[in-house]
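These notes concern the structure reproduced below.
What you see is a predicted model, and the numbers here were worked out from it, not measured in a lab.
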Amino acid sequence: MDNGYLKYQWLGDFDRAMIDLSQTWNLFDQVMPDLKWVHQKDHLLAFERGGLLFVFNFHPTQSFADYLIPVSQGEDYRLLLSSDEKRFGGEERIADMHYSAFQAGVEVNHLKLYLPSRTTAVFAPVHLKPPVKKKKSARKAAEAEL
């Protein structure tokens, strides 16, 4: 990670941010994610876990504009984290804004997203806040230290 031109520090920074996000939102309280979209040809994967939407574009060269990703909630979503942020070496092509999942006359709720190649993004419904951390009992805190 010391060699700056290899850019591994950005991968480490993103990894830490994802771990922080998973702890803040208690993502592993939900045993299995809810798969929303898999497209082999486009190399896309989307799932919901803990109320958050995770979208991955694994395509090495293809970015997608206005890609429709199904979601559970018909409301506005906000961007929580993107591998395309400057702090992770990205180009900030995924806008930090509200995305509406409601479209009149459409039965299934979708977000219309720009998905740059080789990126991932995490979205949350605007109303959703991180759960309140439960205080550990003195006994559990002592066990954690062992």
| field | L52 side chain reached by L27 side chain, heavy atoms, under 4.5 Å | value | yes
| F58: what forms a side chain to side chain contact (heavy atoms under 4.5 Å, CB included) with it, not counting sequence neighbours? | H43, L45, F56
| said: Suppose we screen for side chain to side chain contact (heavy atoms under 4.5 Å, CB included). Which residues come up paired with D42, at least two apart in sequence or across chains? | reply: H39, L44, F64, Y67
| message | Tell me whether Q30 contacts the main-chain N or O of G50 through its side chain, where contact means a donor paired with an acceptor under 3.5 Å. | response | yes
| said: For residues 116-127, which residue pairs pass the side-chain hydrogen bond (donor to acceptor under 3.5 Å, both in side chains) check, not counting sequence neighbours? | reply: E75-H127
| query | With A101, which residues qualify under side chain to side chain contact (heavy atoms under 4.5 Å, CB included), at least two apart? | reply | V71, Y77, N109, L111
| query | Are side-chain heavy atoms of F123 and L81 found at a separation under 4.5 Å? | reply | no
| message | Can you list, by chain and residue number, the hydrophobic cluster partners of Y114 when the side-chain cut-off is 4.5 Å? | response | none
| request: Would you mind reporting whether S63 and L115 have side-chain heavy atoms less than 4.5 Å apart? | output: no
| message | I'd like to check F28 versus Q23 (side-chain heavy atoms, cut-off strictly below 4.5 Å). Are they in contact? | response | no
| request: Check F47, W37, W25 against F54 for a ring pair (Phe, Tyr, Trp, His ring centres under 6.0 Å) and give me the one that passes. | output: F47
| query | How about P33 and E48: do any of their side-chain heavy atoms sit closer than 4.5 Å? | reply | no
| remark: Between the CG atom in D15 and the OG atom in S83, the distance rounded to the nearest 0.5 Å is 12.5 Å
| query | Residues in side-chain hydrogen bond (donor to acceptor under 3.5 Å, both in side chains) with D20, at least two apart? | reply | none
| task | Mind running side-chain hydrogen bond (donor to acceptor under 3.5 Å, both in side chains) on K112 and S100 for me, showing each step along the way? | result | CA-CA 8 Å; K112 190 183 286 190; S100 179; over 6 Å; no
| query | Is there a side-chain contact between E92 and D96, using heavy atoms and a 4.5 Å cut-off? | reply | no
| message | Going by side-chain hydrogen bond (donor to acceptor under 3.5 Å, both in side chains), name the residues that satisfy it together with Q73, two or more places apart in sequence or in a different chain. | response | none
| query | Heavy atoms, side chains only, cut-off 4.5 Å: are V38 and Q40 in contact? | reply | yes
| field | ILVMFWY cluster membership beyond V31 - transitive side-chain contacts under 4.5 angstrom | value | M32
| side-chain hydrogen bond (donor to acceptor under 3.5 Å, both in side chains) against S22, all qualifying residues, sequence neighbours excluded | none
| request: Mind checking side-chain hydrogen bond (donor to acceptor under 3.5 Å, both in side chains) for R78 and listing every partner two or more places apart, or none if nothing turns up? | output: none
| request: Show which residues join V108 in its hydrophobic cluster (side-chain heavy-atom contacts under 4.5 Å, direct or indirect), or state none. | output: none
| remark: Tightest non-hydrogen contact, residues A95 and L79, listed as O-CD2, 3.8 Å
| Among all residues two or more places apart in sequence or in another chain, which pass the side chain to side chain contact (heavy atoms under 4.5 Å, CB included) test with E91? | D84, R93
| remark: Nearest heavy-atom approach of L53 to A46 is CD1-CB, 4.4 Å
